[in-house]
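Have a look at the structure below, then the notes.
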Amino acid sequence: MSVVDRQEWDVVVVGAGGAGLRAAIEARERGARTAVICKSLFGKAHTVMAEGGIAAAMANANEHDNWQVHFRDTMRGGKFLNQWRMAELHAQEAPDRVWELETWGALFDRTKDGRISQRNFGGHEYPRLAHVGDRTGLELIRTLQQKIVALQQQDFEETGDYESRLKVFQECTVTRILKNGDRVCGVFAYERETGRFFVLQAPSVVVATGGIGKSFKVTSNSWEYTGDGHALALLAGAQLLNMEFVQFHPTGMVWPPSVKGILVTESVRGDGGVLRNSDGKRFMFDYVPDVFKEKYAESEEEADRWYEDPEHNRRPPELLPRDEVARAINSEVKAGRGSPHGGVFLDVSTRMPAEVIRRRLPSMYHQFKELADVDITAEAMEVGPTCHYVMGGIAVDSDTAAARGVPGLFAAGEVAGGMHGSNRLGGNSLSDLLVFGRRAGWHAAEHAQGLAGQRPPVADAQVDTAAAEALRPFSAETEREGVAGPSENPYTLHQELQQTMNDLVGIIRREGEMEQALHRLGELRVRARRAGVEGHRQFNPGWHLALDLRNMLLVSECVARAALERTESRGGHTREDHPTMDRAWRNVNLLCTLADPTGGLAVTDPGRGQIRLSRESTDPIRPDLLALFEKEELVKYLAEEELYE
Ligand code: FAD
């Protein structure tokens, strides 16, 4: 039996991005002793990269805005597949979460009369994104961190120990959620610097690990996005919901190759930037789908007037939801009307004075100047789609953020599914992670408190199994469970995985290619079992990657399997062989679970998948929420029997 340190907490939060920190604050404020554990340095989570803003119907920039309009926009953006109760709670509670941030010290940009400024973004009817230049995520994380430190100072005054009630374990990776019977009882983790293993015992675990983008070659996502939380939850018996929906943001950098995929924020278009092809044409007018026709301008003149007079003009088509814009760019490039490096042109230089661009988009100005030697105040940027966000995720209860079927497990932020349906609107992630981070922390604390005196213990055998699994990449080849063959380099495997997902399960999908992807993923899975690393456990990035591969392969299989199953195009899932949205799929959720219910992984047979797929019908949308839409609009989305009901 290995000797592994153990600590006891009430709530363990895995992830210190916006969702994790907001959950931790809530759990601690409700009296739960809370540990936060994160792969990166504290304060360096992916949320820091968020640029454009937080969507919340505060009506500061347009008095007509309210939660009902925000709800409608979110449902339209998600093509009505959203878990509607989440969309409702999100729209209702987002303003309070933003104001709360302000009381904790966040410094938002202001309107002339001193209120929090709100900017336009794709798919939002009114200017709705509270922002701090194009560095909103940084301010959000800074504020939440500051709040955590304030709580720790308070605890010091009372207990003489800053970390008595709230402790952050930074640069530590969780590799398993531990269970006792069907209940969660803690997590197994290792310190990245020393390789030391440890266990945090707790009856409530909140997963807030973000997304999966690092399984794709071209992505805006940071190194942390290896789908760990999705995989950890699957392995703990949870269900993943609608994993086929992966958002390709329309505007990533396309050149130079070393920075391909880095995000160009949507605020560039929100603030007036336009998309042109190599003929100089503003092509988005040709790509407004029928369901959105009434809401978007038909001419450049009307689109331009909208910036000054949104009451009497319709929005520019550059501000369609992201899935529509990404597909349009893809089509233009495919038709030979792309920019020299395989994107299209995004221009602000002819639309705003240089000093306004530098003030409103400072990060974009520096990003292009430093990485591509392009001055965006004088010339157009070249941009193209990049893998950005996963709408699919852990299936949760809308009100409590509890993972379905696994008592003690909660999920919030990008790792949770349902909220955004088939496509997320820009700005709706930062608000999502505040609203549901808080709810996850609240219910995780309640769950732990409800179990006082009967906490499920952690069995030694489980800890030993988790330790053996984590050490496998160091063991000799012959010891590897009958999987013969040469040792494999984890970096090579990762590159092949990224290429497979990019080429075969990317922005436009075809049946044959996805079958090929599943076959390749099977082969990669067998080879990944032989992923070997040299050296020892002290900071060893090859070892870390070898462990992350299990998660990326699991999650990639979920995406490919669900994408093959859904024979329609909706939001972030586009099938060339089924190019239209099908109303019969409107109320169908696809759920992924581990094929082996005992938690085993099929590794020796490439033809045997690890994931089982099932279908369920979505809950009928509550009548008072349906009544917020015109009947003519609902007819475009809902099946006949739903309309009748
Ligand atoms: P994260 O912030 O990614 O945090 C995940 C945490 O989990 C990290 O601390 C990580 O270390 C930890 N973790 C992961 N795996 C493990 C593990 N195995 N063990 C321990 N810890 C682990 N959204 C908006 O709404 N508005 C925007 O303007 C916006 N701009 C964006 C700009 C860019 C460039 C990008 C890439 C995204 C943007 N998004 C935006 C999306 C948004 O930033 C993310 O969806 C959101 O920040 C996710 O937050 P989170 O708390 O769920 O996860």
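All ligand and atom numbering here is 1-based and tracks the order in the structure.
A salt bridge between K147 and E100 is absent, with no side-chain N of the basic residue lying under 4.0 Å from a carboxylate O of the acidic one. K39 has a carboxylate O that lies under 4.0 Å from a charged side-chain N of D228, or vice versa, which qualifies the two as a salt bridge. Taking 4.0 Å as the cut-off between side-chain N and carboxylate O, E191 and R196 count as a salt-bridged pair. Checked for salt-bridge contact, E139 and R135 miss the test: no charged N lies under 4.0 Å from a carboxylate O. Under 4.0 Å is where a charged nitrogen must lie from a carboxylate oxygen, and between D432 and R424 no such pair does.
Residue-ligand proximity: G53 is placed with a non-hydrogen atom under 4.0 Å from ligand 1. Ligand 1 lies less than 4.0 angstrom from a heavy atom belonging to R424. Assignment of T173 to the shell around ligand 1 is supported, since a heavy atom sits closer than 4.0 Å. At least one heavy atom of N428 sits less than 4.0 Å from an atom of ligand 1. Taking 4.0 Å as the cut-off, G426 does not count as a neighbour of ligand 1 on heavy-atom distance. At a 4.0 Å cut-off, at least one heavy atom of S220 sits close enough to ligand 1 to count as contact. Within the structure, the closest approach of H131 to ligand 1 does not fall below 4.0 Å when heavy atoms are considered.
Screening D73, N62, N60, N120 against R128 for a side chain to side chain donor-acceptor pair (under 3.5 Å) leaves a single residue, D73.
In E266, neither the side chain nor the backbone holds a heavy atom less than 4.0 Å from any atom of ligand 1. Only the backbone of C172 comes within contact range of ligand 1, with a heavy atom under 4.0 Å; no side-chain atom does. With a 4.0 Å cut-off on non-hydrogen atoms, D228 touches ligand 1 through its side chain and not its backbone.
Counting only non-hydrogen atoms, the option in V174, D134, V187 that gets closest to atom 19 (N) of ligand 1 is V174.
S422 places no side-chain N or O within 3.5 Å of a backbone atom of L81 that could act as its donor or acceptor partner.
Of all atoms in ligand 1, numbered sequentially from 1 with element shown, those under 4.0 Å from a heavy atom of I37 are 20 (C), 21 (N). For ligand 1, the atoms sitting less than 4.0 Å from at least one non-hydrogen atom of L263 are 32 (C), 33 (C), 34 (C), numbered in the order shown with element in parentheses.
Using the six-membered ring where Trp is involved, H388 and H249 have ring planes that are perpendicular, over 60° apart on the 30 and 60° scheme.
The shortest contact between atom 42 (C) of ligand 1 and any protein heavy atom is with S429 OG, 3.5 Å. Looking at atom 36 (C) of ligand 1, its nearest protein heavy atom turns out to be H46 NE2, 3.1 Å. Of all protein heavy atoms, the one lying nearest to atom 51 (O) of ligand 1 is A19 N, 2.9 Å. Protein heavy atom in closest approach to atom 9 (O) of ligand 1: A16 N, 2.9 Å.
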Derivation and outcome, side chain to side chain contact (heavy atoms under 4.5 Å, CB included), residues L425 and F121: CA-CA 8 Å; L425 295 185; F121 242 53; over 6 Å; no
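Taking the six-membered ring where the residue is Trp, the centroids of Y126 and H70 are separated by 6.0 Å or more.
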